[in-house]
Number of protein chains: 2
Amino acid sequence: MSQTPKKSAEQPVPTSTDVARLAGVSRATVSYVLNNTSAVRISEPTRRRVREAAEELGYVPHAAARSLRAGHTRIVLLPTAHIPVGPLYGQFFNELHWALRNLDYTVVQYGSLGLSGDEAARAWAELRPVAVVSLGEITLTARGVSLLKRSGAKAVITMGPQRVEGAHSLVMDQREVGIAAARHLMERGRRRIGAVLPEEPGLELFSKPRLAGLRKAVSGTGARVEPLGMRYDEESAAALAARWRDLDLDAVFAYNDEYAQLLMRALQDAGVDVPGETAVMGADDLLMGKLLRPSLSTVHMELPPGRFLADLVDRLVAHPADRAENHDLMGAHAVPRESS
Amino acid sequence: MSQTPKKSAEQPVPTSTDVARLAGVSRATVSYVLNNTSAVRISEPTRRRVREAAEELGYVPHAAARSLRAGHTRIVLLPTAHIPVGPLYGQFFNELHWALRNLDYTVVQYGSLGLSGDEAARAWAELRPVAVVSLGEITLTARGVSLLKRSGAKAVITMGPQRVEGAHSLVMDQREVGIAAARHLMERGRRRIGAVLPEEPGLELFSKPRLAGLRKAVSGTGARVEPLGMRYDEESAAALAARWRDLDLDAVFAYNDEYAQLLMRALQDAGVDVPGETAVMGADDLLMGKLLRPSLSTVHMELPPGRFLADLVDRLVAHPADRAENHDLMGAHAVPRESS
DNA sequence: TTGAAAGCGTTACCAC
DNA sequence: GTGGTAACGCTTTCAA
């Protein structure tokens with residue numbers, strides 16, 4: 001067997017030097033032309049030669065080299081342990097992504113699996129992002145924020161259940177969801193409230209505060225809250241429904257509308273009357289909930305428009321705040337429908 | 001008013017030079033210690049001094065500088081006009097993201113709004129990704145692929161309705177979905193099939209081939225297909241349902257399960273019997289569909305596990321293929337339930 | 001109008 | 001064992 005000859009000769013990536021050589025000018029001139037530097041006048045014939053050479057070679061500037069020289073990037077880092085699957089967050093993410101792109105930022109979604117807190121912050125800092133928008137799946141500490149800022153981040157924004165020192169925190173307390181749900185159910189006279197906790201990993205950051213909210217709202221009222229594990233599949237829902245009567249509950253808050261729909265169906269199939277025997281309540285106010293019979297009571301939660309967040313990033317990048325501000329931005333309110 | 005004094009003195013980001021100075025060693029030594037370079041023996045006291053200095057300064061290596069020096073990145077670029085909102089793709093994205101992270105790649109989601117084809121490819125190439133996985137929202141051309149490869153991409157993978165020359169194409173022909181739906185409906189004796197087309201922008205890449213599949217399957221059978229615009233909201237669905245009898249249809253393929261659910265409810269509310277008068281069929285096989293009454297017939301579509309795609313990327317990066325392979329990887333089959 | 005050269009932060013080769 | 005030095009690709013100041 002003959003050796004395979006080096007196929008594509010591992011052709012090197014064309015650089016501005018190559019363009020300069022082909023166009024018969026210096027690298028500086030190439031840079032001027034390609035960046036339309038206004039401070040310098042270059043003759044039209046030269047411009048054309050440079051552009052043609054770049055085109056011919058398929059030259060594309062090297063972002064890393066550029067930002068190394070510039071001393072800063074336009075990277076906005078969005079850490080995501082996982083993209084929350086719900087349509088609510090999906091939409092929010094899309095909006096934010098789009099809005100940042102429109103402001104000419106490069107959005108980097110950095111999956112930080114397994115990394116916790118400060119480790120993650122270190123990993124992010126390597127990219128020298130000009131801003132970090134953490135959606136609360138990773139718990140950022142004051143140390144982490146400080147590390148990021150020292151490595152050049154002008155804006156560190158957190159959206160999560162608690163403020164983080166040094167960061168611009170948008171406090172979105174998921175407990176409010178639980179509180180709104182519990183209040184609504186109690187107003188309807190329910191006193192024995194089940195709380196569905198998803199058994200899928202990664203949802204605790206939402207489910208636990210929601211449970212805490214329930215507990216807080218019922219404390220001292222004599223009502224009680226009963227945590228109930230459930231997976232998002234029919235078997236798990238059916239198993240829970242099968243032992244429903246033993247649980248002796250007259251209401252259930254099902255974490256979100258999707259779990260609520262699943263459980264409500266399982267309850268109905270098991271002969272439990274909704275809402276007569278048990279009230280069911282979801283959260284997130286998905287369109288779906290209106291379509292069910294009985295229609296699903298839920299908790300509506302206002303997320304800021306992605307556009308708002310993108311503008312905030314842009315403002316902070318332009319004028320890094322002396323002191324981080326904090327906003328509480330979650331209004332959660334019950335949306336009563338037929339299931340409760 | 002007095003001028004605000006320079007607050008934080010714009011403290012510069014610490015570099016390996018700073019670490020070296022503080023530890024009293026050379027930059028080379030710092031690099032050796034921090035990267036655990038095995039080819040070189042460094043005394044334990046020196047190592048400790050270096051590490052402590054790095055810790056104290058909050059030093060974090062600069063990824064851009066590193067990759068500039070290394071001549072390559074570990075960036076896998078995922079172009080996304082928008083993240084498709086459906087849970088199907090959401091899950092796929094998450095899996096892929098996670099799997100790539102596990103293989104030590106940096107995942108960059110690059111939103112390419114407005115940019116079309118080659119422009120987008122150019123923008124992506126600036127980041128010098130080692131691989132690009134395009135999910136078919138942006139139409140990549142042979143030129144674009146070539147540009148990416150010339151700028152160092154070892155793997156260019158497309159998942160979409162058609163092969164792309166030079167790229168490793170996973171052909172996922174959405175027409176199969178329409179074909180499976182039409183066949184199923186015709187087997188059930190339906191001949192006058194409505195086809196819901198979402199009016200939301202950005203879904204054409206899926207909806208049009210699905211429609212084309214319907215048309216292909218009915219051609220020559222005497223059955224007919226009627227395109228119907230609809231938005232994903234109750235008003236739009238109600239409006240469509242209100243003129244349903246005028247349309248004289250005995251079946252409808254509703255683009256996906258979410259639109260199907262919405263339309264089915266509207267039809268029921270308008271007094272149209274499902275499936276007696278009109279059969280309803282969705283696509284994507286969401287859990288939701290099983291919970292509805294009548295349960296929703298759908299088209300199940302196999303997406304490759306994110307893990308599979310990540311491994312493919314890794315393999316191609318290690319051994320760039322001489323010739324791009326193409327796979328057809330979509331099996332779509334009808335899942336009959338009560339609504340048809 | 002164009003070119004030479006310095007410097008961004010890193011790593012790897014080669015002396016000491 | 002450790003340290004100097006060159007090089008990665010780019011922009012920009014300064015000089016011609």
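Just so it is clear, the model here is predicted, and its values are computed rather than measured. Chain letters run A, B, ... following the sequence lines, proteins first, then strands; residues in each count from 1. Both backbone and side-chain heavy atoms feed into the values below; hydrogens, waters and symmetry mates do not.
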* Just call it for B/Ser67: base, sugar-phosphate, or nothing, with non-hydrogen atoms closer than 4.0 Å on any strand. => nothing
* Structure fact -> Rounded to whole Å, CG of B/Leu34 lies from C1' of D/dT2 at a distance of 16 Å
* Asked: Looking at B/Asp311 and B/Arg307, does any basic side-chain N land under 4.0 Å from a carboxylate oxygen?
  -> yes
* Asked: Does a salt bridge link B/Asp118 with B/Arg122, judged by any charged N lying under 4.0 Å from a carboxylate O?
  -> no
* **Least distance between heavy atoms, B/Pro129 atom then B/Thr73 atom** => CA-OG1, 3.9 Å
* Non-hydrogen atoms of A/Ala63 and B/Leu127 that approach each other most closely -> CB-CD2, 3.9 Å
* **From B/Ile75 atom CD1 to B/Thr106 atom OG1, the distance as rounded to the nearest 0.5 Å** => 6.5 Å
* Asked: Roughly how far, to the nearest 0.5 Å, is CZ of B/Arg66 from CG of A/Leu68?
  -> 13.0 Å
* Asked: Near B/Glu204 CD, under 6.0 Å, is it more than 12 heavy atoms from other residues, nucleotides or ligands?
  -> yes
* **Range on DNA chain C touched by chain A, heavy atoms, distance below 4.0 Å** => C/dT1 to C/dG9
Considering only distance and modelled atom types, tabulate donor-acceptor pairs under 3.5 Å from the side chains of residues 47-59 of chain B, sequence neighbours left out.
from	atom 1	to	atom 2	distance (Å)
B/Arg47	NH1	B/Ile42	O	3.2
B/Arg49	NE	B/Ala23	O	3.0
B/Arg49	NH2	B/Ala23	O	3.3

* Structure fact -> Given protein heavy atoms under 4.0 Å, the one-letter contact record of nucleotides 9-16 of chain D, with B base, S sugar-phosphate only and - none, is simply BBBBB---
